[in-house]
Engineer: 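Handing you a structure now.
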There are 2 protein chains.
Amino acid sequence: MTERSTEPRRPTIKEVARLAGVSHQTVSRYLRSRNGLKPDTLSRIDAAVSELNYRPNLVARSMRTRRTGRLAVLLPTMFYNPARMLHGATEAAHEAGFSVEAVSVIGDVETRTERMLEIVGTGQVEGVLALAPISPRAGDQLPQGGTIVVAADFDDQMRGIGELADASPLVAIMEGLVEFGHRRFFHVAGNLQFASARARKAAYLETVERLGLESAGVVDGDWSGKSGYDAVHSLSDEQMPTAIVAANDIVASGAIRALVERGLDVPGDVSVTGWDNNEACQYLPPGLTSVELNLEGLGRNAMLSLVKAISGRELEPAPRPLQHVIWRESTGPTTCR
Amino acid sequence: MTERSTEPRRPTIKEVARLAGVSHQTVSRYLRSRNGLKPDTLSRIDAAVSELNYRPNLVARSMRTRRTGRLAVLLPTMFYNPARMLHGATEAAHEAGFSVEAVSVIGDVETRTERMLEIVGTGQVEGVLALAPISPRAGDQLPQGGTIVVAADFDDQMRGIGELADASPLVAIMEGLVEFGHRRFFHVAGNLQFASARARKAAYLETVERLGLESAGVVDGDWSGKSGYDAVHSLSDEQMPTAIVAANDIVASGAIRALVERGLDVPGDVSVTGWDNNEACQYLPPGLTSVELNLEGLGRNAMLSLVKAISGRELEPAPRPLQHVIWRESTGPTTCR
DNA sequence: CCGCAAATAGTGAACGATCACTATTTCGAG
DNA sequence: CTCGAAATAGTGATCGTTCACTATTTGCGG
């Protein structure tokens, strides 16, 4: 590991002012906007700033302006990989002049909610973007002086909101499978505390209904491979569908293993689909039909709504579409059985 | 999405003091340590604090103490999933009283380094933990007043340091494969800017040498499935090894696909191993022999060295071992060919 | 060259905590 | 009861910036 440290005191606005032969307030104005200064004054300050290598003390600025310019992102740790969403979110926040604190909490909804309220309570952050479910009661418990909260994957009515919970690719998947001749489906859902899991389950049920399909049912899972594995093993031979729509690629991988263990071929006997376009699942045979996500874009757009709520600024959203189906070998025409 | 906001001014130390009938300095002492106060005074302040729901203004405290209590973690975005390491790191930082800012940068080493220097330069953070490679020149460019940098996966001599680069499980894998009868190996390395990739490559070469094995060579990859896929397809039939040691599970999945495409069975013809214990690779047949990592522990320990360098505090490290081999179906005895 | 508005620059207070002192109270020994 | 050190509490300055003013300079029509 490499370690370095130096600790000379940093120059202040007054030292810059003295060197430039102006008042500290003039330097302050220079920092805010370079308008309203004579060209001569401006260049003298320019010179002083670069000579002293001056950087404003943001803590002092925060103190006076009562704005910290900091946001927090609450990350889930157990169920899916939020790193790319975090990236999109931090980039967007950076564009809007905010820095982002990452908070990841292992535990249940209540633990996460408590931790989030604690963070808001310190007044250190101006807002929180929750990428993991939090308690719907959180809004009421916000401490006075508390800040805005945007929960991107959750709302008070337990319904998903926005792009994160857009389940339309699932409809596209099922329609594609129907074209392949499939009539009997099965869905292994994700953790239903996540709006995305609820939305996919709802979309599955609606599509079964709308297209008059058979369904071997829905098993509520937890985004894990084991949940897919167990769900398939729980089916009797008579129940066995010809197409399994899994909540994500991990669940699908568990389902595929269980199918293989039962002597069934994918996609010969049963087609399987996932979600997230997991790289390993693209390569390992059979390449898994999945939904490619622009996770950075989803993270960005979630952050945009927080930024807008706090500062009113509207930044450019990520270009659509943010998700689309990629068909691979794990899906195919039904065979006579 | 849920949004809430309230903005009554927060109470200050002086208001607490007035309510408790003491001086503001007494309240300040109360906040630092409750010692040296009369029980009566203490309980009066206790009452005042809870009545006003007082929380100290950390920005004001930072201003006076010249300590921000903030650290930054520089995350890689392209190659592997740092979310669990980030979690371990933030937990450790939290224990030591620091908050953590997440910075993820797409781009090359120079881009990351520049961004890191920018962050240090603002004086907002007391230290940076780099989980992605940064330029070895970064130390020299640290701005004056700059803070300590710990690069957990890199050092000036391009050699890996510490647990992140511990390649001993690779030796265990190869020894196990030798017991299975394997003599002819192949290694697909990760991105060699990462110390872990360099360490695994070095361990592979040393073990080949030490045990007098045959090697079909090493292909330098980039942690991607494609790199494993291409590497295997680049081999002639004569070169084909009986065991492929891949830099991680994704690379292994690409290798397996290429093997299957060439009509080879895993593990019947060729054994394959990965690294990271990717959940999908555990389930999809053949279950991949891999290295389970305590990523939270690795993140924690990396953060501990930063915390120690900054504050001198030594926290409890994660219990060892932090990685161990898990044997699965993708490895087996050699067959006569 | 005057007068007056607009443009530009300066002054001192304030943000909310801690630091470095000084002041007061407490309490046991003599 | 007094003295003096230890324990406890108070006072005012300070951190580096911006805010709310006031002061000065500039530019231009008459």
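Below, chains carry the letters A, B, ... as their sequence lines are ordered, and counting in each starts from 1. Treat the numbers as computed from the prediction; the structure is a model and nothing was measured.
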Engineer: Can B:Arg70 and B:Glu101 be counted as an ion pair, charged N to O under 4.0 angstrom?
Structural biologist: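 A salt bridge is present here (some side-chain N lies under 4.0 Å from a carboxylate O).
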
Engineer: Counting any heavy atom closer than 4.0 Å, what does A:Leu58 reach on the DNA or RNA strands: base, sugar-phosphate only, or nothing?
Structural biologist: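 Contact class for A:Leu58: none.
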
Engineer: Looking for any heavy atom pair under 4.0 Å, which part of the strands does B:Lys14 touch: base, sugar-phosphate only, or nothing?
Structural biologist: nothing

Engineer: Using the closest heavy atom to pick a nucleotide of DNA chain D for each, name whichever of A:Arg29 or A:Arg32 lands nearer the 5' end.
Structural biologist: A:Arg32

Engineer: Using a cut-off of less than 4.0 Å, is there contact between a side-chain N or O of B:Arg66 and OP1 or OP2 of C:dT18?
Structural biologist: no

Engineer: How long is the line joining NE2 of B:His24 and C1' of C:dC15, in whole Å?
Structural biologist: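 Result: 15 Å.
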
Engineer: Counting only N and O atoms by type, is there a donor-acceptor contact under 3.5 Å from the side chain of A:Thr90 to the main-chain atoms of A:Leu86?
Structural biologist: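 Judged by distance alone, yes, a pair lies under 3.5 Å.
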
Engineer: Using heavy-atom distances to pick each residue's nearest nucleotide on DNA chain D, tell me which of B:Ala60 and B:Val22 is more 5'.
Structural biologist: B:Val22

Engineer: In sequence, state the C-alpha distance, the side-chain angles, and the governing distance for B:His94 and A:Arg115, and then conclude on side-chain contact (heavy atoms from CB on, under 4.5 Å).
Structural biologist: CA-CA 12 Å; B:His94 193 74; A:Arg115 178 74 178 276; 3.4 Å; yes

Engineer: Which nucleotide wins on minimum distance to the side chain of B:Gln25, given the candidates C:dC19, C:dT11, C:dG16?
Structural biologist: C:dC19

Engineer: How long is the line joining CZ of A:Arg64 and P of C:dG16, in whole Å?
Structural biologist: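 Interatomic distance, CZ of A:Arg64 to P of C:dG16: 9 Å.
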
Engineer: Assess the residue pair B:Thr26 and B:Ile45 against the criterion (side-chain contact (heavy atoms from CB on, under 4.5 Å)); give the C-alpha distance rounded to whole Å, side-chain angles, the decisive distance to 0.1 Å, and a yes or no.
Structural biologist: CA-CA 9 Å; B:Thr26 300; B:Ile45 300 179; 3.9 Å; yes

Engineer: Given C:dT26, is OP1 or OP2 found less than 4.0 Å from the side-chain N or O atoms of B:Lys38?
Structural biologist: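 B:Lys38 to C:dT26 OP1/OP2: side-chain N or O found under 4.0 Å.
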
Engineer: Please determine whether side-chain contact (heavy atoms from CB on, under 4.5 Å) holds for the pair B:Ile119 and B:Gln124, giving the CA-CA distance in whole Å, both sets of side-chain angles, and the decisive distance to 0.1 Å.
Structural biologist: CA-CA 7 Å; B:Ile119 287 160; B:Gln124 293 262 74; 5.9 Å; no

Engineer: Which part of the nucleic acid, if any, lies within contact of A:Tyr54, taking any heavy atom under 4.0 Å across all strands shown: a base, the sugar-phosphate backbone alone, or nothing?
Structural biologist: sugar-phosphate

Engineer: Distance under 4.0 Å to a non-hydrogen atom of chain A counts as contact; along DNA chain D, which nucleotides mark the start and end?
Structural biologist: D:dG16 to D:dT26

Engineer: What pairs with A:Lys14 under side chain to side chain contact (heavy atoms under 4.5 Å, CB included), at least two apart in sequence or on another chain?
Structural biologist: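 In terms of side chain to side chain contact (heavy atoms under 4.5 Å, CB included), with neighbours along the sequence ignored, A:Lys14 is linked to A:Thr12, A:His24.
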
Engineer: Looking across every strand, which nucleic acid part, if any, lies under 4.0 Å from A:Ser62 by heavy atom: base, sugar-phosphate, or nothing?
Structural biologist: nothing

Engineer: Regarding A:Val59, tell me which of base, sugar-phosphate or nothing describes its non-hydrogen contacts under 4.0 Å with the strands shown.
Structural biologist: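 If one applies the 4.0 Å heavy-atom cut-off, A:Val59 turns out to touch nothing in the nucleic acid.
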
Engineer: With a 4.0 Å cut-off on heavy atoms, is A:Thr26 in touch with a base, just the backbone sugar-phosphate, or nothing at all?
Structural biologist: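 It contacts sugar-phosphate atoms only.
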
Engineer: May I have the step-by-step check of side-chain contact (heavy atoms from CB on, under 4.5 Å) for A:Glu296 and A:Arg300, ending in yes or no?
Structural biologist: CA-CA 6 Å; A:Glu296 289 83 0; A:Arg300 175 185 183 83; over 6 Å; no

Engineer: Return the value, rounded to whole Å, for the distance between atom CD1 of A:Ile13 and atom C1' of C:dG12.
Structural biologist: 14 Å

Engineer: Write down the distance between CE (A:Met63) and C1' (C:dA17), rounded to a whole number of angstrom.
Structural biologist: 6 Å

